[in-house]
Amino acid sequence: MVNELKNIEKISISKFQDDLISWFKAEQRELPWRKDQDPYKVWVSEIMLQQTRVDTVIPYFNRFIEWFPTINHLANANDDKVLKAWEGLGYYSRVRNLHSAVKEVNEKYNGQVPNTPKEISSLKGVGPYTAGAILSIAYGIPEPAVDGNVMRVLSRILSIWEDIAKPSTRKVFENAVRQLISHDEPSEFNQALMELGALICTPTSPSCLLCPVRDHCQGFHEGVETELPIKSKKNSQRTVELVAAIIKDDHGKILIHKRSENGLLANLWEFPNVEIHQPTVLERAQISDLFRESFEMNIKLEKGIGQIEHIFSHLIWNIRVYTGLISSTFQESNEWKWVSFDDMEDYAFPVSHHKIVKLYNDNKKK
DNA sequence: GAACCGTGGTC
DNA sequence: TGACCAAGGTT
């Protein structure tokens with residue numbers, strides 16, 4: 001641990017802080033969550049920004065704060081409305097955990113986001129990065145907030161050649177930040193490292209000629225800035241074959257199904273579907289059998305209307321889509337609803353759903 | 001530690 | 001176009 005950080009001795013820490021923070025104050029982007037330091041808004045923004053681009057988050061953040069302006073509003077909000085606010089953002093456990101944690105803050109901490117590492121880290125969905133980000137940005141506490149940006153930037157500045165894909169490596173960078181962070185302006189310091197990673201010290205072709213801390217950068221001096229950080233590759237995705245059905249009743253309403261409260265796309269709605277385990281071509285009758293076995297429903301498939309692909313970070317769905325008919329005696333419940341296309345606006349769906357609707361509409365025009 | 005957990009943008 | 005990327009956390 002000490003050995004990896006020997007280059008930290010080559011840095012004039014106070015000058016590094018000055019150069020970095022001065023640049024941040026002059027060049028930082030105007031972002032909705034930077035208008036104030038409301039711990040709640042900082043919290044929401046940090047959860048949304050996990051593995052998600054700034055440009056993607058901005059409209060979601062604005063709408064979320066509009067719908068749920070305070071901790072109290074979110075704590076008392078309806079689960080389905082909260083999930084709807086997240087529709088399309090991905091990683092839906094983030095919003096389930098946030099909602100749960102906000103309720104805990106409302107009851108246990110009288111609506112005040114806690115300001116100690118131990119308390120804030122105990123909240124659902126708040127890991128080491130998010131804890132440090134909220135503590136430093138909202139409360140001015142000099143805690144590390146090590147994300148992918150910080151690891152990339154510091155791996156170059158300090159010429160650290162450890163594999164940032166390994167979870168254990170984060171500790172090396174937290175140790176570095178503890179030595180480098182400004183105790184006068186920890187919020188600006190942490191945000192500046194991330195802003196530098198976003199605007200200057202980018203993954204490919206960093207703009208070293210514009211970099212405010214180039215003089216402090218070992219990677220630049222050694223000419224190895226584009227070789228860092230070291231990041232091992234992930235395993236490839238597996239493919240799952242699915243058949244989804246747009247099932248209509250006698251009145252033209254469509255049957256939708258609520259997914260499990262755990263796991264992939266938890267609590268989101270979908271068109272009924274079954275997995276095809278053997279990579280074979282099935283007759284429509286055989287597919288109907290699978291629906292009967294899975295859901296105790298007797299459907300008659302009309303026709304295949306196409307196929308869509310849904311790519312996740314760790315798997316791929318290959319979905320063949322059929323239309324089908326079923327008697328409207330199939331009963332509604334908590335997880336089965338008959339809806340019109342207009343009604344679907346009230347439910348949260350994964351992106352694959354919208355691709356299927358488009359397929360259906362395109363097919364109908366022909 | 002490794003796998004799970006989404007989506008859209010980029011080169 | 002495929003692989004990688006983007007302010008990670010949980011199990």
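Everything quoted here is computed from the prediction, not taken from an experiment.
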Rounded to the nearest Å, what distance is computed from the CD atom of residue A/Glu309 to the P atom of nucleotide C/dT1? 12 Å
Would you give the length of the straight line joining atom CD of A/Glu188 to atom CD1 of A/Ile181, rounded to the nearest 0.5 angstrom? 10.5 Å
May I ask you to say what A/Lys166 touches in the nucleic acid, namely base, sugar-phosphate or nothing, with a heavy-atom cut-off under 4.0 Å? nothing
Between atom CD1 in A/Ile164 and atom P in B/dG1, what is the gap in whole Å? 15 Å
Please produce a list of atom pairs where a protein N or O lies less than 3.5 Å from an N or O of nucleotides 7-11 of chain B.
{"unit_1": "B/dT7", "atom_1": "OP1", "unit_2": "A/Tyr92", "atom_2": "OH", "d": "2.8"}
{"unit_1": "B/dT7", "atom_1": "OP1", "unit_2": "A/Val351", "atom_2": "N", "d": "3.2"}
{"unit_1": "B/dT7", "atom_1": "OP2", "unit_2": "A/His310", "atom_2": "NE2", "d": "2.4"}
{"unit_1": "B/dG8", "atom_1": "N2", "unit_2": "A/Arg53", "atom_2": "NH1", "d": "2.2"}

Sequence-distant partners of A/Asp184, salt bridge (Lys or Arg N to Asp or Glu O under 4.0 Å), two or more places apart: none
Does A/Trp317 reach a base, just sugar-phosphate, or nothing at all? Heavy atoms under 4.0 Å. nothing
Could you name each residue pair satisfying salt bridge (charged side-chain N to carboxylate O under 4.0 Å, His left out) that touches residues 197-226 of chain A, not counting sequence neighbours? none
Whether over 12 other heavy atoms sit under 6.0 Å from A/Lys124 NZ: no
Between the protein and nucleotides 2-4 of chain C, which nitrogen or oxygen pairs are less than 3.5 angstrom apart?
none

How many whole angstroms separate atom CZ of A/Arg238 from atom C1' of B/dA2? 14 Å
Using whole Å, what does the distance between atom P of nucleotide B/dA2 and atom CG of A/Leu315 come to? 20 Å
Cation-pi check for A/Trp67 against A/Lys81: NZ or CZ below 6.0 Å from the six-membered ring centre and within 45 degrees of the axis, yes or no? yes
Would you say that more than 12 heavy atoms from the other residues, nucleotides or ligands in this model lie under 6.0 Å from the CD of A/Glu104, or not? yes
With a 4.0 Å limit, can you tell me whether A/Arg152 has a side-chain N or O closer than that to the phosphate oxygens OP1/OP2 of C/dC5? no
Select base, sugar-phosphate, or nothing to describe what A/Arg259 touches, counting heavy atoms under 4.0 Å on all strands. nothing
Pick base, sugar-phosphate or nothing for A/Leu31, based on heavy-atom distances below 4.0 Å to the nucleic acid. base
Nearest 0.5 angstrom please: A/Lys258 NZ to A/Lys337 NZ, how far? 9.0 Å
Nearest-angstrom distance, P atom, C/dA6 to B/dA3: 22 Å
Identify the pairs formed between an N or O of the protein and an N or O of nucleotides 9-11 of chain C at a distance under 3.5 Å, and give each distance.
{"unit_1": "C/dG9", "atom_1": "OP1", "unit_2": "A/Gly127", "atom_2": "N", "d": "3.0"}
{"unit_1": "C/dG9", "atom_1": "OP1", "unit_2": "A/Gly127", "atom_2": "O", "d": "3.4"}
{"unit_1": "C/dG9", "atom_1": "OP1", "unit_2": "A/Thr130", "atom_2": "N", "d": "2.9"}
{"unit_1": "C/dG9", "atom_1": "OP1", "unit_2": "A/Thr130", "atom_2": "OG1", "d": "2.8"}
{"unit_1": "C/dG9", "atom_1": "OP2", "unit_2": "A/Tyr129", "atom_2": "N", "d": "3.4"}
{"unit_1": "C/dT10", "atom_1": "OP1", "unit_2": "A/Gly125", "atom_2": "N", "d": "2.7"}

So, is A/His314 near the phosphate of B/dC5, with a side-chain N or O under 4.0 Å from OP1 or OP2? yes
Between C1' of B/dA3 and CD1 of A/Ile316, the distance in whole Å: 16 Å
What is the distance, rounded to the nearest whole Å, between atom CD of A/Glu174 and atom C1' of C/dG8? 12 Å
Are A/Tyr322 and A/Leu242 joined in one hydrophobic group, where the rule is that I, L, V, M, F, W and Y side chains link up if heavy atoms are under 4.5 Å apart? no
Quick one: do A/Met48 and A/Met194 end up in the same hydrophobic cluster if we chain Ile, Leu, Val, Met, Phe, Trp and Tyr together by side-chain heavy atoms under 4.5 Å apart? no
Determine yes or no for a side-chain-to-main-chain donor-acceptor pair under 3.5 angstrom, with A/Ser294 supplying the side chain and A/Phe291 the backbone. no
What is the nucleic acid contact for A/Ser168, judged by heavy atoms within less than 4.0 Å: base, sugar-phosphate only, or nothing? sugar-phosphate
For residues 342-351 of chain A, tabulate all N or O donor-acceptor pairs below 3.5 Å that involve a side-chain atom, not counting sequence neighbours.
{"unit_1": "A/Asp343", "atom_1": "OD1", "unit_2": "A/Ser340", "atom_2": "OG", "d": "3.4"}
{"unit_1": "A/Asp343", "atom_1": "OD2", "unit_2": "A/Ser340", "atom_2": "N", "d": "3.1"}
{"unit_1": "A/Asp343", "atom_1": "OD2", "unit_2": "A/Ser340", "atom_2": "OG", "d": "3.2"}

With ring pair (Phe, Tyr, Trp, His ring centres under 6.0 Å) as the criterion, how do A/Trp336 and A/Phe295 come out once you've worked through the C-alpha distance, each side chain's angles and the decisive distance to 0.1 Å? CA-CA 10 Å; A/Trp336 293 98; A/Phe295 308 122; 5.1 Å; yes
